[in-house]
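One structure is given below, encoded as structure tokens.
Along the sequence shown, residues are numbered consecutively beginning with 1. All of these numbers come straight from a predicted model, not from anything done at the bench.
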Amino acid sequence: MVVGKETAPMEQHNASTTADSEIQNKARLAILELANMISVPMSLNAIVRLNVADAIWQNGSNSPLSASEILARVVPSGGGDAHNLERILRMLTSYGVFEEHLSPNSSNHRYSLTDVGKTLVTDTDGLSYAPYVLQHHQDALMRAWPRVHEAAIDSTTEPFVRANGEPAYSYYGKKTEMNELMQRAMAGVSVPFMKAVLDGYDGFKGVEKLVDVGGSAGDCLRMILQKYPSIKEGINFDLPEVVARAPPIPVTGVSHVGGDMFKSIPTADAMFMKWVLSTWTDDECKIILENCCKSLPVGGKLIACEPTLPEKTDESHRTRALLASDVFIMTIYKAKSKQRTEEQFRQLGLSAGFSALRPFHIDYFYCLLEFTK
């Protein structure tokens, strides 16, 4: 009994030490993963540049392929290093982009696309999320990332400007290739989202004239008018240099109009915008919303699709995606532009003259915000 009493505290101490060691091990592992996290987007960028997703997909077969088989398809002239490609494939497999298949009695690894990987496949319209990946990793943007800490020290100038000498929008406007990639990226993201919107939201019924504010190439407007032929007139409104490069929209009554949303916006029964407000400061958003409100009749509405932050931070994929996008905006567009909560959007709308806001949760990333005048 005496021995038992003497060893019990020691057992408790050992158990406590083991638990502390486990916690510390997990903490060290987590910080090592975070420190090496740049490997994830840059490997994704590499996979897109190599067109691996289309090579595996092959018109829907999605048959598991080895790294050497993939390499033979993406580099038909021969050569390359299958071992290095496999290192990239394995790492992205751990993040759910590929599925790994191990042959019985063999160390040969083969890879097919998961649902995540399939978003990088070029569809029949020539669209995918691949340009969105490339757009995020252009040289001008990459130069800004080592300066993120400066946004916390001095928010008067965003890291992109510090790295490149001018704001992102004006920089894009002077670079034809960047502007075209941006349009392809926005189309690849917008089309699947708009399909979900048009399936789950009927707020365009009864509208006769619609303006897409910041509509880029006009993909969203085209899809809306195809679903609602009762809309007699559609205007794709964006900067003059953007609409100058936008392709014609093969829908009757649609036109591209260049202008400045900070000065005025064409009149309409309803307005639509996607991922516009999040790239501007509160004061700038108020000006945009005021100009929208001025150009709408009483009862008219602005339908805005924006990421909306949760009130409380958690570790879900949705929250991480939203907060990562928020830091991207701070780094590239405006140090004081930001993603917002539904309540913050509501208050902005009220301050600009709108009477009400109704949110519609159709997508995990974007929220459809209906502002009514």
Side-chain angles (χ1 to χ4, degrees), residues 29-30 32-34 36-138 181 184-196 199 219 315-322 324-325 328 362-366:
L29 184 61
L32 285 171
E33 180 184 6
L34 288 170
N36 287 289
M37 192 66 79
I38 192 170
S39 299
V40 181
M42 299 319 298
S43 293
L44 192 63
N45 188 58
I47 288 298
V48 170
R49 288 183 178 276
L50 291 170
N51 203 26
V52 168
D54 285 344
I56 297 175
W57 186 243
Q58 290 291 300
N59 298 318
S61 68
N62 198 25
S63 298
L65 300 175
S66 67
S68 58
E69 290 170 330
I70 294 170
L71 202 58
R73 292 185 178 186
V74 300
V75 189
S77 59
D81 191 314
H83 175 65
N84 280 349
L85 175 59
E86 182 161 53
R87 293 162 76 180
I88 296 171
L89 292 168
R90 288 194 70 183
M91 196 278 294
L92 290 176
T93 295
S94 74
Y95 281 91
V97 179
F98 301 103
E99 182 177 353
E100 186 179 68
H101 305 263
L102 292 174
S103 303
N105 305 317
S106 170
S107 60
N108 189 25
H109 297 246
R110 293 177 179 271
Y111 301 89
S112 61
L113 299 172
T114 63
D115 287 338
V116 176
K118 290 173 188 175
T119 65
L120 302 175
V121 173
T122 307
D123 67 14
T124 54
D125 295 320
L127 301 175
S128 78
Y129 271 71
Y132 183 80
V133 173
L134 293 178
Q135 191 271 331
H136 272 58
H137 301 103
Q138 297 172 97
L181 180 58
R184 295 202 310 274
M186 290 300 99
V189 172
S190 297
V191 170
F193 169 71
M194 285 305 300
K195 287 179 180 178
D199 286 342
D219 294 288
E315 296 182 358
S316 67
H317 282 300
R318 179 180 183 273
T319 296
R320 285 178 173 173
L322 289 167
S325 176
F328 175 83
I362 294 171
D363 182 81
Y364 282 173
F365 189 79
Y366 291 102

Nearest-0.5 Å distance that lies between atom [atom1] in [X] and atom [atom2] in [Y]:
X    : Y    : atom1 : atom2 : answer
Y132 : R184 : OH    : CZ    : 15.5 Å
Y366 : L322 : OH    : CG    : 10.0 Å
N45  : H136 : CG    : NE2   : 11.5 Å
R110 : L102 : CZ    : CG    : 11.0 Å
F98  : L65  : CZ    : CG    : 10.5 Å
E100 : S94  : CD    : OG    : 10.0 Å

Compare every heavy atom of [Y] with every heavy atom of [X], then report the nearest pair and how far apart it is.
X    : Y    : result
L127 : A187 : CD2-CB, 3.8 Å
D54  : N51  : OD2-OD1, 3.0 Å
R49  : L134 : CG-CD2, 3.7 Å
H101 : S112 : NE2-OG, 2.8 Å
Q135 : A185 : CB-CB, 4.0 Å
A321 : F365 : O-CE1, 3.8 Å

Practice item. Verify side-chain contact (heavy atoms from CB on, under 4.5 Å) between Q138 and L181, making sure each step is shown before the conclusion. Key: CA-CA 10 Å; Q138 297 172 97; L181 180 58; 3.5 Å; yes
Practice item. Apply side-chain contact (heavy atoms from CB on, under 4.5 Å) to the pair L44 and H137, showing each step before the final yes or no. Key: CA-CA 10 Å; L44 192 63; H137 301 103; 5.8 Å; no
Look at atom [atom1] of [X] and say whether more than 12 heavy atoms of other residues, nucleotides or ligands are closer to it than 6.0 Å.
X   : atom1 : value
Y95 : OH    : yes
N59 : CG    : no
L34 : CG    : yes

Review point. Which of these, L85, L71, I88, sits in a side chain to side chain contact (heavy atoms under 4.5 Å, CB included) with L50?
Key: L85
**Study point:** Identified side chain to side chain contact (heavy atoms under 4.5 Å, CB included) counterpart of E99 within the set T114, T93, L113
**Key:** T114
Review point. Would L92 and L89 satisfy side-chain contact (heavy atoms from CB on, under 4.5 Å), going step by step from the backbone distance to the final call?
Key: CA-CA 5 Å; L92 290 176; L89 292 168; over 6 Å; no
Practice item. Indicate the ring-plane relationship of Y111 and H109, choosing parallel, tilted or perpendicular according to the 30° and 60° boundaries. Key: parallel
